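Single-structure report; data block below.
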Amino acid sequence: MKLHNIAINNLRRRKAKMAFLMAGMIIGIATIVILYTITTGMEQEIADKFDQIGSNMTIIPESDSLSMSYEGVSAADTEGTLNLMTMDEVAKIGTIKNRENIATVAPKLLDSLKVANRNMLVIGVQFPEELRLKKWWKVEGTRPEAETDVLLGYAASGELGKKAGETLEILGRQYKVAGVIQETGSQEDSVIFMDLKNLQSVTGKKDAVSFVEVAALCYTCPIEEITAQISGKLPGTKVTAIREAVQARKDFVDRFSQLGLSVSVIILVIGALVVFITMMSSVSERTREIGIFRAIGFRKSRIIGVILMEAGMISLFGGLAGYLLGMAAARIAAPVIAQMEVVIPWDYRIGGAALAIAVLIGLMASILPALKASSQDPVEALRYM
Amino acid sequence: MSLINVKDVKKIYNGGEGEVAALGGVSFNVEDGEFISLMGPSGSGKSTLLTMLGAMNPPTSGAVIIDGIDIYDLPNEKRADFRSEYLGFVFQQFQLIPYLNSMENVMLPLAITGKSNREQVKMASAVLEKVGLGSKGNRLPNQLSGGEQERVAIARAIVNEPPILFADEPTGALDSKTGEEIINLFKQLNREGQTIIMVTHNPEFLSHVKRAIFIRDGILDETKHPEKQIAV
């Protein structure tokens with residue numbers, strides 16, 4: 001017989017009370033795990049989105065009455081004319097004060113061309129810069145290297161019946177389809193990408209640029225400042241930080257995260273109170289028993305040990321069950337709650353933290369009941385006899 | 001030297017009606033191997049005296065010296081250790097732990113001695129055998145008769161081989177036949193050398209002991225059964 005045998009036997013006897021306590025612990029920990037994992041999953045998803053977006057700024061010449069557009073930028077307006085920027089202006093972007101924050105500058109020229117008797121949207125790009133920005137592109141074939149290499153969007157490839165390695169005639173010139181971009185689900189699918197200089201040359205728009213995509217480093221960089229600096233260098237352009245679109249989502253996640261934290265704290269406090277009240281009442285019910293322990297020579301520390309062991313065991317099992325339940329529920333509920341594809345991986349660190357929180361709360365809430373039990377005067381306790 | 005030396009102990013309680021003297025100055029000695037009955041009517045102070053001898057209830061003045069140790073000079077936790085080592089208790093109404101079986105109840109005092117489980121089982125089995133319950137070690141208290149529960153309580157009190165055994169009204173909850181059996185068990189233990197101090201208000205019990213201490217209104221009553229009293 002050791003002290004833990006006493007604790008275990010008592011837990012077995014008081015099944016209903018201990019089941020209530022454990023259920024409280026399970027629900028509390030499960031809720032915290034659900035909130036935490038979903039919030040973390042959402043934050044991760046937002047961070048991924050930032051990475052995937054690549055560029056977080058667009059610079060377009062100020063214009064109106066747009067019609068044929070790519071990412072909100074028109075290839076030609078209804079009159080067939082459009083304000084354009086020049087390559088010299090593009091070069092000015094690299095002269096702003098915060099230039100070290102700028103990772104990539106990708107100028108583009110958009111035009112609508114007849115290709116195989118179809119009106120196709122053709123975008124001239126500098127391929128190295130473009131591929132650095134569009135990290136999510138999966139190209140079947142090879143990367144364009146020569147000036148006469150083009151990339152086809154998935155739908156454009158289907159429309160034109162051209163695959164990687166085949167040749168394509170545009171305005172009387174032969175181009176090699178270096179690769180086909182796998183379906184992205186965006187307008188890029190129906191676009192022909194060709195070398196910027198080449199397109200400028202064949203369309204007679206030398207040095208002309210329709211818009212520029214810029215990747216400024218990360219989401220902690222001073223994007224508003226960079227936006228202002230570029231606007232200063234390039235009057236007559238509209239500089240837009242894409243960050244704003246993601247920021248709204250981020251704000252939602254932040255608010256959800258704060259709500260989750262508040263709810264978790266409330267749950268922990270309620271959980272601690274439930275443990276405290278249950279253990280207090282358990283100690284009161286066991287007055288005689290504790291009196292006997294004391295009378296036969298149990299030190300106070302041993303009484304405290306027995307009570308804390310009981311609370312610790314309940315908390316440990318409650319924490320473990322709560323973690324498993326919480327994770328299972330989070331995996332099912334996350335897409336519904338977050339309204340996005342959130343990945344909830346099994347993380348032993350969350351499990352460890354859940355157990356630690358459960359045990360810590362259980363023990364802390366049981367300290368007073370344990371002290372009360374240990375200070376039981378055996379003579380007082382034996383008077384009940 | 002006497003095993004127990006009680007020196008002019010007084011116990012004053014401060015209640016709602018002012019000070020109440022539960023013990024008004026009591027002195028006596030108990031020798032090793034004695035079987036003593038502590039007798040007196042309800043409210044006479046015998047329970048106070050028992051808990052005081054049991055190292056649980058410090059006197060307002062005076063001293064209790066057991067085996068040369070002034071037990072109320074010991075700090076509280078050392079006194080708990082002293083109880084574990086020197087004293088065995090058979091409480092009123094058995095007071096077994098309901099969720100522990102007979103064997104576990106008997107092993108309870110051993111749980112704090114650091115003895116191995118195997119050793120504990122061996123010692124508990126031996127005392128259960130001694131009290132006639134060798135085959136009922138795995139029964140819970142509510143599966144035992146009153147007499148059997150009393151035997152488990154006695155086994156629990158002596159498993160640690162304490163020099164002194166206290167019993168508080170051990171036959172109070174039993175029918176007369178079972179009570180007689182329990183008294184015989186105590187007498188047997190005493191014959192084997194166990195010092196026993198038993199609280200009772202049953203005068204019939206007097207015939208079983210060589211010596212009795214009578215207490216009335218918190219002081220020794222030396223007029224009753226002088227043949228059973230030994231001068232301090």
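Since this is a predicted model, take the numbers as computed values, not measurements. Order of the sequence lines fixes the chain letters, A, B, ..., with proteins taken first and strands second; residue numbering starts at 1 for each chain.
- Under a 4.0 Å N-O distance rule, the pair B:Arg156/B:Glu104 does not qualify as a salt bridge.
- Contacts from residues 69-76 of chain B to chain A, taken as heavy-atom pairs separated by less than 4.5 Å, involve B:Asn76 in sequence order.
- Between B:Glu77 and A:Arg294 there is a salt bridge, with a side-chain nitrogen of the basic residue lying less than 4.0 Å from a carboxylate oxygen of the acidic one.
- Within 6.0 Å of CD on B:Glu161 lie no more than 12 heavy atoms contributed by other residues, nucleotides or ligands.
- Applying the side chain to side chain contact (heavy atoms under 4.5 Å, CB included) test to A:Ser281 and every residue at least two apart in sequence or in another chain returns A:Lys17, A:Glu285.
- With a 4.5 angstrom heavy-atom cutoff, B:Gln120 touches chain A only via side-chain atoms.
- Taking 4.0 Å as the cut-off between side-chain N and carboxylate O, A:Glu289 and A:Arg13 count as a salt-bridged pair.
- Of the two parts of B:Leu100, only the side chain, counted from C-beta on, holds a non-hydrogen atom closer than 4.5 Å to a non-hydrogen atom of chain A.
- Contacts of A:Tyr36 classified as ring pair (Phe, Tyr, Trp, His ring centres under 6.0 Å), with partners at least two apart in sequence or in another chain: none.
- If you measure heavy-atom distances from A:Arg302 to chain B, the contacts under 4.5 Å come from the side chain alone.
- Both the backbone and the side chain of B:Ile112 come within less than 4.5 Å of a heavy atom in chain A.
- A salt bridge links B:Arg151 and B:Glu181; the closest N-O separation between the charged side-chain nitrogens and carboxylate oxygens is under 4.0 Å.
- Every side chain to side chain contact (heavy atoms under 4.5 Å, CB included) that B:Asn142 has, sequence neighbours left out, goes to B:Leu140.
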